[in-house]
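Let me begin by presenting the structure, written as structure tokens, before commenting on it.
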There are 2 protein chains.
Amino acid sequence: MRISELATLAGVSTRTVRHYHHLGLLPEPERLANGYREYRLRDAVELARVRRLAELGLSLDEVRDVLADDQGRELREMLVELDADLAREQAAIADRRARLAALLAEADLHPDSTVSPEMAEVLRGLPTGSSTFAEFDRELLTLAATVSESAGRTELADLLRPLTEPEAYARGHVLIARLDELADADPDDPRVAVVARDLAAHLPDEMVSVMIASLDDPGTGQWQEALLRELPAAQAEVFQLLVTQLKERG
Amino acid sequence: MRISELATLAGVSTRTVRHYHHLGLLPEPERLANGYREYRLRDAVELARVRRLAELGLSLDEVRDVLADDQGRELREMLVELDADLAREQAAIADRRARLAALLAEADLHPDSTVSPEMAEVLRGLPTGSSTFAEFDRELLTLAATVSESAGRTELADLLRPLTEPEAYARGHVLIARLDELADADPDDPRVAVVARDLAAHLPDEMVSVMIASLDDPGTGQWQEALLRELPAAQAEVFQLLVTQLKERG
DNA sequence: GCTTGACCTTGACGTAACGTCAACGTATCT
DNA sequence: AGATACGTTGACGTTACGTCAAGGTCAAGC
């Protein structure tokens with residue numbers, strides 16, 4: 001048999017056969033006088049075995065290990081482990097499909113949204129336009145929602161998770177408006193302290209404890225300050241005060 | 001924000017962020033005087049968006065397409081298509097796990113077998129040792145069984161599938177023994193024709209028609225001859241005759 | 001004898017999404 | 001000033017082959 005016959009016999013390409021020779025998965029057969037490889041039935045059997053293991057999902061390195069160990073012992077271990085891998089993969093896919101379905105449903109109703117239906121609802125509740133703080137808040141929440149759905153566990157998500165729940169915004173709009181008024185104010189403006197206090201009063205206890213905990217996490221301090229620097233001075237000051245007050249309270 | 005802050009915020013590595021810059025998925029931010037990249041909240045939002053799409057299973061190229069088209073239209077199409085992909089993958093994994101489970105069950109009973117339980121049974125029924133034809137047959141059947149489980153559809157599998165069913169071997173052993181007797185015989189030996197006729201008589205009609213069909217398939221002729229060349233002349237002659245007789249009959 | 005076309009040979013680059021050095025400048029703490 | 005941690009660009013490694021490239025071999029038809 002020549003290489004293309006062997007290949008079609010096993011349902012692979014000639015390149016694949018040569019690749020397996022290269023990796024040592026398949027022994028090089030005799031060569032004819034012209035240099036052509038000459039295969040026998042035995043080679044086809046081995047090739048088929050390699051293919052079968054590979055198609056079960058073993059890497060070619062693992063296939064080599066299995067072939068090398070003439071005992072059946074290693075094979076069993078790998079297959080068991082492989083099955084566990086596949087099970088995990090199945091779960092992951094199911095999860096992705098679920099999120100995908102939710103996204104599709106939301107996309108049908110509101111073609112421009114890019115987050116979960118619940119979060120989309122919250123965001124629609126926010127004042128629109130480029131009013132300074134609302135925009136900041138919108139971005140922050142979008143970020144938190146996005147991150148919490150994908151990365152699963154980051155500090156930002158932990159910190160802001162309470163705020164991504166719709167109830168948090170039930171009476172929040174008016175506070176946002178008052179923050180916006182501080183856009184061009186001085187950090188010493190008397191309204192700063194007032195807004196901070198009202199904001200603190202607005203947050204339920206359980207939210208506060210969760211947020212304090214993740215605020216103290218080392219590593220959170222980094223971007224926390226960086227983000228505050230993006231706000232006008234007076235608004236940033238509000239949050240400095242807010243954190244202080246929450247810590248006293250918590 | 002500096003790059004590592006952005007990265008931890010989104011739950012990725014700095015390498016990933018730079019990679020996205022390189023691919024144009026994420027705009028390069030301002031540089032500080034020292035050359036460091038300086039990120040803002042907006043960048044984090046974009047990065048999170050990229051990540052989310054990527055984690056849903058879109059390739060980075062596809063992510064770029066989605067981002068490029070500011071309409072939501074393309075997104076929907078890709079998501080629908082992606083869901084179909086995932087569904088196919090799920091099915092494939094389920095299939096692999098099923099085959100894997102069968103293999104494991106068989107391995108527990110007979111640690112040395114490498115094919116399906118049914119086929120393992122057939123092979124155990126074959127005379128063992130290096131008696132010429134039985135060994136050839138064993139290899140051929142192993143090959144057919146292996147190929148038919150992995151590649152799914154090759155000509156060899158089609159041709160030999162009838163033979164991989166256990167009933168085919170119910171009364172076959174004696175014929176194999178008679179073939180073995182021809183190992184050193186002359187192709188003109190009178191027993192050749194007899195064995196060919198008995199072999200033909202042994203095969204049920206429905207098997208014959210299937211086999212004839214795939215024997216006529218162009219492309220099958222290739223390795224068919226190559227395999228016959230591996231047999232002693234008299235045995236090869238038996239099969240030449242056999243094929244002729246089957247064709248007259250079918 | 002010559003061309004044509006189908007096959008064979010080896011060698012090498014391309015793919016996807018980053019991980020992982022390397023070699024070097026920068027900021028910070030002691 | 002030195003150690004440590006972080007930033008920069010550049011380039012190679014990973015997986016399982018696909019896909020040229022550049023050439024040798026073989027059977028068939030002119």
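Residue numbers begin at 1 in each chain, while the letters A, B, ... track the order of the sequences. Note: hydrogens, waters and symmetry copies are ignored here, and every other heavy atom, side chains too, is used.
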[X] side chain to [Y] main-chain N or O, any donor-acceptor pair under 3.5 Å?
| X | Y | answer |
| --- | --- | --- |
| Glu248(B) | Gln245(B) | no |
| Thr8(A) | Gly11(A) | no |
| Arg64(A) | Leu23(A) | yes |
| Asp43(B) | Arg40(B) | yes |

Check the phosphate of [N] against [X], side-chain N and O only, distance under 4.0 Å to OP1 or OP2. Yes or no?
| X | N | answer |
| --- | --- | --- |
| Arg37(B) | dG7(D) | no |
| Arg2(B) | dA5(D) | no |
| Thr16(B) | dG19(C) | yes |

Tell me: [atom1] of [X] to [atom2] of [N], nearest whole Å?
| X | N | atom1 | atom2 | value |
| --- | --- | --- | --- | --- |
| Arg18(A) | dA16(D) | CZ | C1' | 15 Å |
| Arg31(B) | dT8(D) | CZ | P | 6 Å |
| His22(B) | dG10(D) | NE2 | P | 9 Å |
| Met1(B) | dC6(D) | CE | P | 17 Å |
| Tyr39(A) | dC7(C) | OH | P | 16 Å |
| Ile3(B) | dC18(C) | CD1 | P | 14 Å |
| Glu38(A) | dT9(C) | CD | C1' | 15 Å |
| Glu5(A) | dC26(D) | CD | C1' | 14 Å |

Nearest to the side chain of Asn34(B) - dC17(D), dC18(C), dT26(C)?
dT26(C)
Nearest to the side chain of Tyr36(B), which nucleotide is it out of dG25(C), dC17(D), dT9(D)?
dG25(C)
State, to the nearest 10°, the angle formed by the axis through the first five base pairs of the helix from dG1(C)-dC30(D) to dT30(C)-dA1(D) and the axis through its last five.
30°
For Ala7(B) and Val17(B), the nearest pair of non-hydrogen atoms, with its separation, is CB-CG2, 4.1 Å
Which pair of non-hydrogen atoms, one from Leu60(B) and one from Ala54(B), has the smallest distance, and what is that distance?
CD2-CB, 4.1 Å
Distances for protein N or O near nucleotides 13-17 of chain C N or O, under 3.5 Å:
{"unit_1": "dA17(C)", "atom_1": "OP1", "unit_2": "Leu60(B)", "atom_2": "N", "d": "3.0"}

Do [X] and [Y] have side-chain heavy atoms sitting under 4.5 Å apart?
| X | Y | value |
| --- | --- | --- |
| His22(B) | Arg18(B) | no |
| Arg138(B) | Phe133(B) | no |
| Arg96(B) | Asp83(A) | no |

Closer to the 5' end of DNA chain D via nearest nucleotide, is it Ser13(A) or Ala33(A)?
Ser13(A)
